[in-house]
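Here the structure is a predicted model, which means the values were calculated and not measured. Numbers here are sequence positions counted from 1.
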Amino acid sequence: MNDAAGAQGARIAGVDPITVEVIGSALSSITEEMGEALIRASYSTNIKERRDCSTALFDIHGNTLCQAEHIPMHLGSFIGLIPHILKRHPMEQMRPGDVFCGNDAYEGGGTHLPDIVLAEPIFVDGSIIAWAVNLAHHADFADRGHAHIYQEGLRIPPIRLYRAGELQRDVQELILLNCQVPRERLSDLRAQMAANRLGVQRMQALCAKYGREIVLDASAALQDYAERKMRAGIAAMPDGTYCFADVYDCPEIDGELAVSCEITISGDEMHLHFDAPRQVRAGLNMTYTALLSTVYYTVKTLVDPTVLPNAGLARPLHVTAPEGSAVNCVHPAAVNGRLSLCQRVVDLIHGALAAAVPERVIAACNGACFSITFAGHQPRDNAIWVYLETIGGGSGARATKDGLDGVHVHMTNTSNLPVEALEIEYPLTLLRYELVDGSGGPGKQRGGMGLRRIYRAEADCRVRVDGSRLLSPPWGLFGGLPGGKSSVVLNGGAVPFDHGSGALRPGEIIEVVTGGSGGYGPPEQRDRNAVGSDLAEGRLDATTARGAYGF
């Protein structure tokens, strides 16, 4: 932080800018170390292999100090938790070693129930100075309906899991009794505890080194600096009102939902209004905190990716949506699959701001968090097993580069599970795992390709698929053509697949194809050598090449 604005803000806070920079880097290191501890200590494949978790530090009021570079969506569960804790539990009654646990979308600040958050107050000199917080996606609440929140799993308001360092065993037993695979849940909760304890120790050591007041002043200065950077980036964008509309589909609903956004840039502030139909009787609805985290991620990446990931970046942003709509739902809407609609909100923002900053936006990505969940009984001991994975797809073409193939995009940042880890732990066999030729939209810059995964059940199981872009393709930008759509087929189409759910017998298969992504710019402008390379390496099929490029 060497610019004049950063230095001025640091001096106002009473801390020199070099110390502010050092403490900011220390906060980032703490959250990253917490994340690695959580991943390495966890038990379930969803966390230890797919890294479906996040860590952060918050100030005493619940403002983000720093979030590790894990999953942007998880900020939606973080930002609501601390205020809900403080509403229920007076700060003066908290003690070192207290740990609060929550996941509820309406009374706990969460965005869906599998994301269980643990928060521990950090005490220095007898008073709370910050919070260590982490989230792990507990892939457990499977084979359920999604008509409303009561069907989706155990709702946990912010409650003490530990009191002054002592485990509240009755609370833990209540949670585990409502889980299908309690051994996994217990081990992952212990890993979450270890991660927070590490964060507490590191933060206390930082205060011991620099002094409590210096750390607090630097934390405030970092938030102010992020605000100034965000305002400067917005001010550099052309003023005006920008609109975009799209449609959203998923296996749970028939047809498509119309979604849209209107973005107004005025000076150094940005107003974003989203519109969507009323919340639906399906698990795709978004809470307001889910909408906020989506907006914060997207605008940050477009305005200035170097803006620090703290609460200051949100100050110039004003976000609205009709209450009770699918993008700002109210109790008791189901929310389990909210991430796919969040991905569509990202596309809306990119589509709207394409007219303002065409060189920064990308074409539509695969448009979903395509997930598949299997649940059944292990043949060897009849124990319940639950397996969840999310599958990557195409990432949209950029102004100067092709899109990425077979990756997770935007609000999710997890990994595709290695085949070996899948087949060792679960009665499933992966028959095919490949990129889908021709699914990247043609353009001056080609869109990224989607993925195909074909699973064979080795035991009776239930299966559920969440995703999108089954009906509408990911759009291209500035003359770029659309990418390929997604699809789901059970046993060659012979097995009934009712709104994303079905059953598999041993030997039966399910094929999942994720969407590609849109191209950028007219395809005729693409260099013929690049097209030939795509053909040779299987990234483009011959039919598309002939139609779009004249090959």
Backbone N/O of Leu451 and side chain of Thr514: donor-acceptor pair under 3.5 Å: yes
Presence of salt bridge, Asp140 and Arg185, under 4.0 angstrom: yes
Any Asn63 side-chain heavy atom under 4.5 Å of Asn310 side chain: no
Candidate pair Asp224 and Arg315, rule salt bridge (Lys or Arg N to Asp or Glu O under 4.0 Å), full reasoning: CA-CA 9 Å; Asp224 292 342; Arg315 294 172 185 168; 2.9 Å; yes
Within-4.5 Å side-chain heavy-atom neighbours: His137 and His112: yes
Reported CG-to-OG1 distance for the pair Leu81 and Thr289, which is rounded to 0.5 angstrom: 10.5 Å
Exercise: do Gln192 and Asn134 side chains pair donor with acceptor under 3.5 Å: yes
Check ion pair Arg50-Glu389 (N to O, under 4.0 angstrom): no
Distance-only side-chain donor-acceptor flag, Ser44 / Asn46, under 3.5 Å: no
Within 45° cone and under 6.0 Å: Lys444 NZ/CZ vs Tyr520 ring: no
Heavy-atom side-chain contact between Val259 and Leu348 under 4.5 Å: yes
His84 side chain to Glu107 side chain, donor-acceptor N/O pair below 3.5 angstrom: no
Sole candidate of Ile23, Ile122, Ile214, Val124 that passes side-chain contact (heavy atoms from CB on, under 4.5 Å) when paired with Leu206: Ile23
Nearest atoms (heavy-atom pairs only) where Ser371 meets Leu388: CB-CD1, 4.0 Å
With Ser293, the side-chain contact (heavy atoms from CB on, under 4.5 Å) member among Thr111, Thr287, Leu75: Leu75
Nearest heavy atoms of Ile60 and Trp131, plus distance in Å: O-NE1, 3.6 Å
Chi angles and distances behind the side-chain contact (heavy atoms from CB on, under 4.5 Å) call for Phe274, Val345: CA-CA 8 Å; Phe274 298 88; Val345 168; 3.6 Å; yes
N/O donor-acceptor pair under 3.5 Å between Gln279 side chain and Val330 backbone: yes
Lys229 side, atom NZ; Leu308 side, atom CG - distance, nearest 0.5 Å: 7.5 Å
Interatomic spacing from CZ in Phe58 to CG in Leu65 - rounded to 0.5 Å: 8.0 Å
Verdict with supporting geometry, His410 and His350, ring-ring contact (aromatic ring centres under 6.0 Å, His included): CA-CA 11 Å; His410 296 315; His350 277 262; 5.4 Å; yes
Leu222 side chain near Glu21 side chain, heavy-atom distance below 4.5 Å: no
Pairwise distance OG(Ser325) to CG(Asp275) - rounded to 0.5 angstrom: 7.0 Å
Under 3.5 Å donor-acceptor, Tyr288 side chain and Val327 backbone: no
Asp104/Arg88 ion pair, N-O < 4.0 Å: no
Glu92, CD atom: more than 12 neighbouring heavy atoms under 6.0 Å: yes
Exam field: side chain Gln343 to backbone Met411, donor-acceptor pair closer than 3.5 Å: yes
Residue from Leu291, Val335, Leu284, Ile149 passing side-chain contact (heavy atoms from CB on, under 4.5 Å) with Cys329: Val335
Check: Trp475/Asp347 side-chain N/O donor and acceptor closer than 3.5 Å: no
Arg446 with Asp405: basic N within carboxylate O range, under 4.0 Å: yes
Donor-acceptor contact present, side-chain Ser187 to main-chain Glu184, <3.5 Å: no
Closest contact, heavy atoms only, Ile47 versus Cys53: CG2-SG, 4.0 Å
Electrostatic pair Arg51-Glu36, nearest N-O below 4.0 angstrom: yes
Heavy-atom donor-acceptor pair, Asn103 side chain to Leu113 backbone, under 3.5 Å: yes
Straight-line distance of Arg163 CZ to Phe100 CZ, nearest 0.5 Å: 8.0 Å
Sidechain N-carboxylate O distance under 4.0 Å for Glu120, Arg197: yes
Residue pair Ala130 / Met203: nearest heavy atoms and the distance that separates them: CB-CE, 4.2 Å
Leu339 side chain reached by Thr390 side chain, heavy atoms, under 4.5 Å: no
Donor-acceptor pair, side chain of Asp98 and main chain of Arg95, under 3.5 angstrom: yes
4.5 Å side-chain heavy-atom contact, Arg344 and Arg469: yes
Audit row: Thr264, Thr241, side chain to side chain donor-acceptor pair (under 3.5 Å) steps and yes/no: CA-CA 4 Å; Thr264 300; Thr241 297; 3.2 Å; yes
Heavy-atom side-chain contact between Val361 and Val357 under 4.5 Å: yes
Steps toward side-chain contact (heavy atoms from CB on, under 4.5 Å) verdict (Tyr242, Cys261): CA-CA 8 Å; Tyr242 307 92; Cys261 75; over 6 Å; no
Check against side-chain contact (heavy atoms from CB on, under 4.5 Å), Ile79 and Thr64: CA-CA 7 Å; Ile79 58 180; Thr64 314; 4.0 Å; yes
Option passing side-chain contact (heavy atoms from CB on, under 4.5 Å) with Val299 (candidates Leu302, Thr301, Val303): Val303
Distance-minimising heavy-atom pair for Ser468 and Gly367: CB-O, 3.6 Å
Flag side-chain contact, heavy atom, 4.5 Å: Glu359 against Arg398: no
Sidechain-backbone polar pair: Asn366 side chain, Ser517 backbone, donor-acceptor under 3.5 Å: no
Over all atoms of both residues, closest heavy-atom pair of Val200 and Pro121: CG2-O, 4.4 Å
side-chain contact (heavy atoms from CB on, under 4.5 Å) between Thr19 and Asp16, worked out: CA-CA 6 Å; Thr19 301; Asp16 69 273; 2.6 Å; yes
Spatial distance of atom CZ (Phe244) from atom OG (Ser260) [nearest 0.5 Å]: 10.5 Å
Gly267 backbone acceptor or donor facing Asp239 side chain under 3.5 Å: yes
Under 3.5 Å donor-acceptor, Lys300 side chain and Val307 backbone: yes
Salt-bridge criterion met for Arg338 and Asp115 (N-O under 4.0 Å): yes
